[in-house]
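See below for the structure under consideration.
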Amino acid sequence: MQNHYDFEKFEKKWQKDWDDKTLYKAKNKDEKDNYYVLEMFPYPSGKLHMGHVRVYSIGDVIARFKRMEGFNVLHPMGWDAFGLPAENAAIKHGNIHPREWTWENIESMKEQMKAMGLSYDWDREVATADPDYYKWTQWFFIKMYENDLAYKKEQPVNWCPSCDTVLANEQVVNNRCERCDTLVEQKELEQWFLKITEYADELLEGHEELDWPERVKTMQKNWIGRSEGMSINFPVQEIDKELEVFTTRPDTIYGATYMVLSPEHPYVDELITDKENEDEIRDFINRVKNQEDMERTSPETEKEGIYTGSYATNPMTGEEIPILIANYVLMEYGTGAIMAVPAHDQRDFDFAKKYDLPIKAVIQPHDKKEKLDGSNMKEAYSEDGYLINSEKYNGLNVEEAFDKFANVMEEKNIGKRETNYRLRDWLISRQRYWGAPIPIVYCDQCGTVPVDEEDLPVLLPDDVEFSATGISPLAKAEDFVNTKCPKCGGDAKREIDTMDTFVDSSWYFLRYMDSNNQKLPFSNESAQDWFPVDQYIGGIEHAILHLLYARFFTKVIRDLDLLDEGEPFTKWLAQGMVLKDGDKMSKSKGNVVDPSRILDEYGADTARLFILFASPPEKDLEWSEAGVEGANRFLNRVWRFIAENIDDIKDVDVSKINLAQSNLNEDEKELHRKLHETIQKVTEDVSERLNFNTAISAIMELVNELYSYLVDNKKQLNEELLAFVTEKTLLMLAPFAPHMTEELWHKIGHKSSIHRADWPEFEEEAAKKDEITIVIQINGKVRDRVDVDANISEDALKEKVFKQDKVQKYTEDKEVAKTIVIPKKLVNIVVK
RNA sequence: GCCGAAGUGGCGGAACUGGCAGACGCGCCGGAUUCAAAAUCCGGUGGGGUCAGACUCGUAUGGGUUCGAAUCCCAUCUUCGGCACCA
């Protein structure tokens, strides 16, 4: 056996062998316990990047570990195959169809994944751009339409001029397109929406049962932005209408001294009763409307407003209060109108100061003697307190007042309790080609009609000109557009927009369970077997987008009675980024490390081992070529150990060895002990904590221990022990370095795959120490150590400790105030 | 501005529940092997101090709780992430 590890000699061989033996096939209804581990599927860009290598390595270790633990594991992979890059490539190069481009990329990425030795069940592979798949995406859309969860509506929407399509709110980051970073514009368009807001509360409540990073739950919580308050109607005599406002502070209504409308508010026109200044008012409105969104919605922008000339009546006080229009009120949130309480809201306060509007304090801080006075306040007071200047309600505290006012106003029909959300419905129409067509037909007779289920999928036509013009390329595909109405059979036209690709990825984890089902997206039985996903792994950048949509879809699908559970991902590990020189790898920075080079140069096992060893999975990882070499060196060290001792290790039937009953000498005992200590640590690190870096370092320690044992006992090796420990070490290393361990496993005499072998069992008895080292502290400082019997009594331990020379020295002429004994660890003597 | 996470050797990181700070790896230094080198093996490696030890300082900074703090509490600084005129 050569004593140098040469990955090129066997990585491909084993990959083919595993494939041939369908080693990683997951069977539905296995007698074993089922476990579903899933990594977020990639967009088929054509090449794996380091982030992919990281996330798939993590998933693969979990999958392999769980299999060795005896679980029937579902570990699938697929392709988020619809999307703009394919279409843009077609536009740019002209001679390649997005379909071709996509499938070629899938092929090359799949090849790279196979070269990594990932243990997927490829029989379950899905691609969202496959008609077999998007048929069901369309089917879900129709189900939602039938259940009033999909609707078409005209409203101002986010438009990305570079992508030539609309975007969902979630896809706009700081007013820029999430994909291409272009400034987003507003357009008034009629578009399809999914009613995610219907599930807002459930999406919030569901967090409680999820084992997800807390910060991610918080991000989603902030995004949904639930706030409880009241809608209150303020009558306006001039126009004989009521202005509805939303407020979270009905308790401050006695302090509402004016009202403010958004310039976009529908009543604005009628309310301009100050005809003298009408031109000035209209100029102002137009100016604000034309303000860049970024500027308009920034808290730094100075608040500006103008009087309308109209007055509203405060329904609680009966006071007439002026109505203004201002740039700081947004039409998108609440009702587009607010009651301004300058004494207790900083924004209203700033505005009131500028325009000299009255400030009336109605909440008095509990801990202040002198009464708050609106005329001399320096800033708004928005903390807790009790009511003043509120007639018969004076003295109530804020919380009581909220309830009291809510009851009174509901009784009098002035207002009602209401909950508002920041979350908007999900805009899913896209004016682009490479996506799933929205399965809707427009008929002059019957109106909007969903396509019949039997007629799904609505196939994406091939022969289309892809140029991005702001209107879906499908508009020009006449064979596609012109169709018959499913209801009346008359001439009709198809919807030409396609669906947001986030719709495709909102249910792919369900299709894996039953990916060849022709009758349903998945069967109920398969869901019983596998759902929900036990462990999901993917990038934090999807914390809001994909993970919120997928949770929403799951809840809808549950309500269609296809699932019992409403949460798709029980556990989620958000893996960190791979950095180079402290920066995210990117072409523009020129710091990209190509995984295929690493795979060619060092092999898959080294690449996997390094990336898992360098950092805990949820933290960012700094790429280091020296670190890769270190990982390679370690694998070599394991290889060489076996190569050099192959005669002692080979063909020993480890299952027949009972080390507990054999008489081991001290060194042997120590090695055996270390083995079991390692088994315990690695098992826990991999299964509970998902800290692969410390699991690997524990295996490294064990290998170091094996080498020291060899050096110290050259003359008299215990071959049985050596074979035993070596074999268990290989088993623990198998999920991390699947190829090399498989090769070595066969070299030491096994005939079947190491990946079908059992995970080593931890024996508590073997891991126990006979002697332990106790740390001796004097006044909290470590002064000495003493080796004692592990089962020593507290009194005997104390006695022994006080006999130590060092302890004598430090306690001489001093009074021992206290002695603290921490069993098996430490004794702290406090002296004065 | 608000919310959240983090800050430990030259570097990546470990210390899981308050109990030996720096496991493991990288790098560096020394030794063995070699004609020599690479590779490999063995040993050392936080700072100060010393022949060596004793000792001493040390987990962003300042304070606190405790017999004992990287870990808990308060304040400050820095970095990263999210939200941001949300009524």
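Chain letters run A, B, ... following the sequence lines, proteins first, then strands; residues in each count from 1.
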Please, what dot-bracket string fits RNA chain B when only Watson-Crick and G-U pairs with both distances under 3.5 Å count, crossing ones use [ ] and pairs to another strand use |? (((((((..(((......[....)))((((((.......))))))(((......)))..(((((..]....))))))))))))....
Pairing residues for A:S382 by the side chain to side chain donor-acceptor pair (under 3.5 Å) criterion, not counting sequence neighbours: none
Can you sort out the partners of A:N158 under side chain to side chain donor-acceptor pair (under 3.5 Å), two or more places apart, ordered by chain and number? A:N169, A:Q186
Between atom [atom1] in [X] and atom [atom2] in [N], what is the gap in whole Å?
X: A:E418; N: B:A87; atom1: CD; atom2: P; result: 13 Å
X: A:L826; N: B:G18; atom1: CG; atom2: P; result: 15 Å
X: A:E618; N: B:G81; atom1: CD; atom2: P; result: 17 Å
X: A:R176; N: B:G82; atom1: CZ; atom2: P; result: 15 Å
X: A:I544; N: B:G82; atom1: CD1; atom2: P; result: 9 Å
X: A:L609; N: B:C26; atom1: CG; atom2: C1'; result: 14 Å
X: A:K221; N: B:G81; atom1: NZ; atom2: P; result: 23 Å
X: A:N174; N: B:G82; atom1: CG; atom2: P; result: 8 Å

Identify whether any heavy atom of A:G225 sits under 4.0 Å from a base atom; if not, whether one sits that close to sugar-phosphate; answer base, sugar-phosphate or nothing. nothing
Would you mind classifying the nucleic acid contact of A:Q346 as base, sugar-phosphate or nothing, using non-hydrogen atoms under 4.0 angstrom?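 Result for A:Q346 = nothing.
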Could you say whether A:K303 or A:T773 is positioned toward the 5' end of RNA chain B, judged by the nucleotide with the nearest heavy atom to each? A:T773
Starting from the 5' end of RNA chain B, give me the residue, A:M219 or A:I820, whose nearest nucleotide shows up first. A:I820
Pairwise [atom1] distance for [N] and [M], with rounding to whole Å:
N: B:C24; M: B:A36; atom1: P; answer: 32 Å
N: B:U76; M: B:G27; atom1: P; answer: 43 Å
N: B:G46; M: B:A54; atom1: P; answer: 14 Å
N: B:C42; M: B:U78; atom1: C1'; answer: 43 Å
N: B:U79; M: B:C29; atom1: P; answer: 35 Å

How about A:F351 and A:Y328: are their ring centres within less than 6.0 Å of each other?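 Here the rings of A:Y328 and A:F351 have centres that are less than 6.0 Å from each other.
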State which residues pass side-chain contact (heavy atoms from CB on, under 4.5 Å) with [X]; sequence neighbours excluded, sorted by chain then number.
X: A:K814; value: A:V831
X: A:A695; value: A:V682, A:D685, A:V686, A:F736
X: A:I306; value: A:E280, A:I281, A:F284, A:I325
X: A:I820; value: A:K818, A:I822, A:N828, A:V830

If the cut-off is 4.0 Å, is [X] near the phosphate of [N], judged by side-chain N/O to OP1 or OP2?
X: A:K818; N: B:C67; answer: yes
X: A:R689; N: B:A15; answer: yes
X: A:R347; N: B:C86; answer: yes
X: A:R783; N: B:C20; answer: no

Taking syn as a glycosidic torsion within 90° of 0 and anything else as anti, which one is B:G9? syn
Test: [X] and [Y] ion pair at under 4.0 Å:
X: A:K674; Y: A:E701; answer: yes
X: A:D350; Y: A:K353; answer: no
X: A:E304; Y: A:K354; answer: no

Name all pairs fulfilling the ring-ring contact (aromatic ring centres under 6.0 Å, His included) condition that reach into residues 687-715 of chain A, sequence neighbours left out, sorted by first residue then second.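 Listed by first then second residue: A:F641-A:Y707.
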Measure from the side-chain heavy atoms of [X] and tell me the nearest of [options].
X: A:N693; options: B:C24, B:A54, B:A14; value: B:A14
X: A:N828; options: B:C85, B:G4, B:G68; value: B:G68
X: A:K809; options: B:A54, B:C85, B:C20; value: B:A54
X: A:V782; options: B:A87, B:C16, B:C20; value: B:C20
X: A:M700; options: B:C85, B:C24, B:A14; value: B:C24
X: A:T218; options: B:C3, B:A14, B:C20; value: B:C3

Side chain to side chain contact (heavy atoms under 4.5 Å, CB included) between A:V827 and A:I774: does it pass, once the steps are laid out? CA-CA 7 Å; A:V827 175; A:I774 299 289; 3.9 Å; yes
Listed pairs, N/O of protein and of nucleotides 39-49 of chain B, under 3.5 Å:
from: B:U40; atom 1: O3'; to: A:R640; atom 2: NH1; distance (Å): 2.8
from: B:C41; atom 1: OP1; to: A:R637; atom 2: NH1; distance (Å): 2.9
from: B:C41; atom 1: OP1; to: A:R640; atom 2: NH1; distance (Å): 3.1

Just distance, no hydrogens or angles: give the donor-acceptor pairs under 3.5 Å from side chains in residues 246-253 of chain A, sequence neighbours left out.
from: A:T247; atom 1: OG1; to: A:R249; atom 2: N; distance (Å): 2.8
from: A:R249; atom 1: NE; to: A:D251; atom 2: OD1; distance (Å): 3.2
from: A:R249; atom 1: NE; to: A:D251; atom 2: OD2; distance (Å): 3.2
from: A:R249; atom 1: NH2; to: A:D251; atom 2: OD2; distance (Å): 3.0
from: A:T252; atom 1: OG1; to: A:R249; atom 2: O; distance (Å): 2.8

Which residue is it: A:L671, A:N645, A:V711? I am looking for the one with a side-chain contact (heavy atoms from CB on, under 4.5 Å) to A:L706.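 It is A:L671, the one option of A:L671, A:N645, A:V711 that forms the side-chain contact (heavy atoms from CB on, under 4.5 Å) with A:L706.
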Applying the side-chain contact (heavy atoms from CB on, under 4.5 Å) test to A:T678, which of A:T683, A:L702, A:V703, A:T729 qualifies? A:L702
Can you confirm whether the side chains of A:Y333 and A:S227 place a donor and an acceptor under 3.5 Å from each other?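 Result is yes, a qualifying pair exists.
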Please list each protein N or O that sits under 3.5 Å from an N or O in nucleotides 8-12 of chain B, with the distance.
from: B:G12; atom 1: O2'; to: A:A614; atom 2: O; distance (Å): 2.7

Near RNA chain B, counting only heavy atoms under 4.0 Å, which residues of residues 329-341 of chain A show up? A:V329, A:L330, A:Y333, A:I338
